[in-house]
Each structure stands twice: as C-alpha cells, then as structure tokens.
2 protein chains.
Amino acid sequence: MLEKSAFLLDVFTPDGGAYRLTELVAATGLSKPTVHRLTADLVRLGWLEREGARYRLGPKLFELGSLVPRRRDLRETALPFLQDLFEATREIVHLGVREDLEVVYLERIHGHEAVWLPSRIGGRLPLTCTGLGKAMLAFSDAELTERVLAGPLPGLTPFSVTDPERLSLSLEKTQVSGLAYEEQEAAEGVGCVAAPVFEGGSAVAAVSVAVPVARFRPARLAPAVRTAALGVSRALRGGAG
Amino acid sequence: MLEKSAFLLDVFTPDGGAYRLTELVAATGLSKPTVHRLTADLVRLGWLEREGARYRLGPKLFELGSLVPRRRDLRETALPFLQDLFEATREIVHLGVREDLEVVYLERIHGHEAVWLPSRIGGRLPLTCTGLGKAMLAFSDAELTERVLAGPLPGLTPFSVTDPERLSLSLEKTQVSGLAYEEQEAAEGVGCVAAPVFEGGSAVAAVSVAVPVARFRPARLAPAVRTAALGVSRALRGGAG
DNA sequence: ATGTTTGTTCCATGACACGGAACAGTTCCG
DNA sequence: CGGAACTGTTCCGTGTCATGGAACAAACAT
C-alpha cells in the first residue's frame, strides 16, 4: 500500500509531467483497479491532483518537500551567496548536493533570458555530466570515484565525457584548482564552472554558473564561483544562527 | 495505512522540526506499534529520515515536492521578476499563492542580513496578517472575503488586524491602489508592501517586499513591487512556452 | 538500586487491499 | 453512423497484511 504509493509517485520524478491512469498502470505494473483506488486516495490527500484524465503531483507534496530540514537549511544559508554570484555574473546559478551517483539540484537562479538546461530543482543528473557533480566527485572519498569510473559513464550530449581516463584526469585538475569545468557535457551550447562547498571536511554540496558557450569565459567566472562556494562553506561553519 | 502516513507526515508541517516516536504517537493518536512500523517504512522510502531517536522529513519528499508542476511553473516564470525586485530593493522578496484561508509561500529571496520572519517556503500564514494575503484577498471574489470577515481574525502580533471593519476598509484601499500594505502584522519590526499577480482575470498569486520598519518607506517600494507583479502577470499571459 | 519512560518485538484477530471480471463511457476509423 | 478498441469505473469473494494489546528491553531519572 505505502510502497505501491511510493512506486506510483516515483513515476513522476523525471520531469513532474502529467500521466493518465493507463500510463500509470503500465509504468508501475500494478493492476488497474489498484492504481485507480490509489490515485483516488492520493488525490484526496492532496499528494496528487487530477485534471480531467491526467494526474500530476499535488500541492501537499510541495508543502512537505519545502520543509525538509536538510535541504531547506542548506538552501537557506547558501541563498545570499548564490544571489551575490548571480548579480556578479548575471548567468544561471546552481546549488546541488550529491545523492548516490547523481547530483540533486537544490536551487537554480536565473534572469529573463535563460537558455534551456536539463537541470531542475529537485531533479537529478549524472555526476559526471555536470560541473556540480564533478566538483563534488573530485573531493569525495576515493571509493566513490572508483565506483563511478567502474560503471559505464552516462552521457547527456555527444560531448559528455565517457572515457574514464579523461574523467580521471579532469578530476585531478579540479583537485588542485578547486574548480570544475564542463563544456557542453550537460547541454549543447552551454558551459559551466563549479566549486565545492565543504562542511566538516567533506564536500557536501557545490555551486556553479552555467553560461552559453558564445560568452563562456571560465577565467572570468572562476573567482566569483570560488568566492560563493567559500562563502557558503564559511556560513555552514558559522552555524545556523 | 496511506491516510495514517499522511496524518503522520502532517505532524511535521508547521516547521519541519524533528520529533521522537512518542511525540508522534501523542500528536497522531495512533498506537505505538503502528507509528513504529509506519516510521520504519517511511524511512525506508526516504520520506522520513532518522537521526538517533528523532525523525525528520526525508530527501525523497524534497524531490517530489520540487517537481509539483503547479508550483514549479509559477515559481519558474516569476523568478526573474523576483530577482529584479530583489536587486531594486535589496530587501526580502516573497512570492505566494492562496490556499483556502491561508497564504502558502512559494519563494523567498533575501540577502545576507535578513531579519527574522515567520514566512518559510512551503509554509502557511493567515491571509489577513500578511501583505501577500491581503493583496490576493482584495482581488478575490466577494464570497471569500465574507468567509474571512465572518470567522475570527487570527493574529500573529499585537498589531495584526482583528477588527473586521478595519480590514474591510484596508481591502477597499488596495482595490483602488492595486497595492496592499502591512506594518508589523506578521512580525514585529517588519513592514511589507505587496501586489497581486493576475491570470485569467483572477488573482492567482502575489509578490511582496518585507522591510524592517526602521527603513520602511512604502512609497519608495511601491513602484518596484507593482512592476514585478505586473511583469509576472504578463509572463503568465505570454504562455509557458 | 528502583521506578519511569521510551523504543522494540510478538502474535492472534479482523479489516481491508487486492485483482479478475464485468460494465460504462470515449475515441477512433471505416 | 456503427462497431471495434480502448480507457476509466464499479463490484465482490478471497487472502493478506495492518492492527494494537501485551510483554519485553533499554535508556533515563531520581
């Protein structure tokens, strides 16, 4: 019952789209009456919402999700620094954390003319295709890096690194510079520079700026990104008060 | 089972704090073994997380909540205008929608020295104590206003309006000016000016700026707030893609 | 040491989730 | 139009699994 509900809600995770009953049946493998009853219950609770024949995630989940302390507190202390970074660069600013082999986006700030990116708050992308991911990976313990290098490297664009050798080299570079770069590996036409956020010695998060390649000047962005990440790290040290 | 889980998770809604098993038993009225089993299941699903003897909302909920289309889309189209508003005022910027008799906060942008406020993303406050709430209430259909004026008016501070007469008057004023003001009604020492966001003729959201009373100059903030709210309304008209 | 509170495990009972099947309502195409 | 193919909904007998009392174990207080 509970597990089935979770399974059902997980169908929505990739992009939060809207699905019909039959699609949910197909995606979950549950029986039709079960999905029917389940969705009805979830709608009643506000966890799903129904518009015509389509189901979408409901407002109650938004409320609950926004209150998750881990995420909320980090986002809250990072926000002023992300604002600084946005004002300094006027480009798309990201904050993310690692979860298993993926980066989960916590915040995403942008202005009026933002290019398309696959990143969405609450969304997940492979560590190896994103600046955020590389920044965190470079400063995680070796066991994780090995796991990543062992498995096949997923790609989001033709430019995504899929060669373990090259990835390993790039991670070493960010280990000395404290900065991770990425060009067109997450989205074609977009580059990114990222820096890790530390808490208690380990990289718990990362900050990045994403820029259309046409005006992508990493050297100019680097100081601002570094400053922001450092600022967040200090604020985390400083405590929540 | 599902309903009990929802009931259990609702215990966390006010502030997302951490609770012990016994506290959850007391708050829900469920039996001890039931809560024990339920929390174990929820932890396994990532909906709760356990640290020692305390339970908190889990990361999975954050992911699901961030993907809720209604909220995400509005937040996404409003964000650039909120950024403009923040840069123009350098004060705390809010975006919120109405849900029943309360305002639910969707976004909250602030800089380094932010004063304390009861508002939290995903949190709820009474319509009548907040600028956002008044802005939306003033442009909702009369039936809602009557419901609000009928019931007892909740108060967050000694300054919160509790007199229906005065509230009604203040709503009329915002109907002509298109702006809602509030001084120390949500938090002592903080004033606020808000403007409604329209979509399809009705006020679906509102934008506000909150400022310490010491430097609260409503007339100076008004144009920026109005501009931001208008911009969001236009962007919503323009369509999501 | 002793009582008290909190967390965990066990188990017999019964409620209710389950899915096959049959029905209704829509859409699609000839 | 009309029938075929699909989707959404309801029904109901079966079997599962959630339920809470009770007993136990751990942690804490005094």
Side-chain angles (χ1 to χ4, degrees), chain A residues 1-65 67-70 73, chain B residues 1-61 63-65 67-70 73 241:
Chain A
M1 178 85 220
L2 235 185
E3 189 162 3
K4 296 183 188 185
S5 301
F7 207 56
L8 211 171
L9 292 174
D10 270 350
V11 174
F12 296 87
T13 27
D15 60 345
Y19 296 89
R20 322 191 42 165
L21 184 68
T22 316
E23 305 181 72
L24 293 174
V25 170
T28 58
L30 300 171
S31 78
K32 218 194 309 183
T34 298
V35 173
H36 185 254
R37 195 160 13 84
L38 233 46
T39 51
D41 289 348
L42 291 170
V43 166
R44 202 167 32 78
L45 294 171
W47 292 16
L48 283 182
E49 102 188 328
R50 184 177 177 168
E51 190 167 335
R54 302 205 121 84
Y55 295 92
R56 301 186 298 178
L57 297 175
K60 190 80 198 178
L61 280 177
F62 172 82
E63 290 183 46
L64 284 168
L67 294 170
V68 174
R70 269 237 151 69
D73 295 350
Chain B
M1 178 84 221
L2 237 184
E3 188 162 4
K4 294 183 189 187
S5 301
F7 207 57
L8 211 171
L9 292 173
D10 271 351
V11 174
F12 296 87
T13 28
D15 61 345
Y19 296 89
R20 322 190 45 165
L21 186 68
T22 316
E23 304 180 74
L24 293 175
V25 170
T28 58
L30 301 171
S31 78
K32 219 197 305 184
T34 297
V35 174
H36 184 254
R37 194 162 14 83
L38 232 46
T39 51
D41 289 348
L42 292 170
V43 167
R44 201 166 35 78
L45 295 172
W47 293 16
L48 283 182
E49 103 187 329
R50 185 178 176 165
E51 190 167 334
R54 302 207 121 85
Y55 295 93
R56 300 186 298 180
L57 296 176
K60 190 81 198 176
L61 280 178
E63 291 184 46
L64 284 169
L67 294 170
V68 174
R70 269 238 151 69
D73 296 349

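Sequence lines set the chain letters: A, B, ... in the order given, protein chains first and strands last, and positions in each chain run from 1. What you see below is based on every heavy atom in this structure, not just the backbone, and it leaves out hydrogens, waters and symmetry mates.
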>> Is it the case that the side chain of B:S5 and the backbone of B:M1 share a donor-acceptor pair, with hydrogens and angles ignored and the cut-off at 3.5 Å?
In response: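 Checked: pair present.
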
> So, the side chain of A:T39 versus the backbone of A:V35: is there a donor-acceptor pair under 3.5 Å, distance only?
Replying inline: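 Yes.
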
What nucleotide among [options] has an atom nearest to a side-chain atom of [X]?
X: A:T34; options: D:dT19, C:dG7, C:dG19; result: C:dG19
X: A:R50; options: C:dG19, D:dG8, D:dT19; result: D:dG8
X: B:R37; options: C:dC18, D:dT19, D:dT10; result: D:dT19
X: B:L21; options: C:dG7, D:dT9, C:dG19; result: C:dG7

>> Among A:L24, A:L8, A:V11, exactly one meets side chain to side chain contact (heavy atoms under 4.5 Å, CB included) together with A:Y55. Which residue is that?
In response: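 The option that passes is A:L24.
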
Please report the distance, rounded to the nearest Å, between [atom1] in [X] and [atom2] in [N].
X: B:E23; N: C:dT5; atom1: CD; atom2: C1'; result: 13 Å
X: B:L24; N: C:dG7; atom1: CG; atom2: C1'; result: 12 Å
X: A:K4; N: C:dA17; atom1: NZ; atom2: P; result: 11 Å
X: B:L38; N: D:dA18; atom1: CG; atom2: C1'; result: 10 Å
X: A:R54; N: D:dT7; atom1: CZ; atom2: C1'; result: 12 Å
X: B:L30; N: D:dG20; atom1: CG; atom2: C1'; result: 11 Å
X: A:E3; N: D:dA18; atom1: CD; atom2: C1'; result: 14 Å

>> Quick check: on DNA chain D, is the nucleotide nearest A:M1 upstream (toward 5') of the one nearest A:T22, or the reverse? Name the residue that is more 5'.
In response: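 Taking each residue's closest nucleotide, the earlier one in sequence belongs to A:T22.
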
> Does a side-chain N-to-carboxylate-O contact under 4.0 Å join A:E23 and A:R54?
Replying inline: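 Result for this pair is yes, salt bridge flagged.
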
>> Tell me whether the side-chain N/O atoms of A:R20 come closer than 4.0 Å to OP1 or OP2 in D:dT7.
In response: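 Indeed not, no polar side-chain atom of A:R20 lies that close.
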
>> Any side-chain N or O of A:H36 below 4.0 angstrom from OP1/OP2 of D:dT9?
In response: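 Result: yes.
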
> What about B:K32, does its side chain sit under 3.5 Å from the base of C:dG7 through a donor-acceptor pair?
Replying inline: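 It does, because a donor-acceptor pair links the side chain of B:K32 to the base of C:dG7 below 3.5 Å.
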
> Which value, rounded to the nearest 0.5 Å, describes the distance between A:R70 atom CZ and B:R56 atom CZ?
Replying inline: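 Output value for this atom pair is 5.0 Å.
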
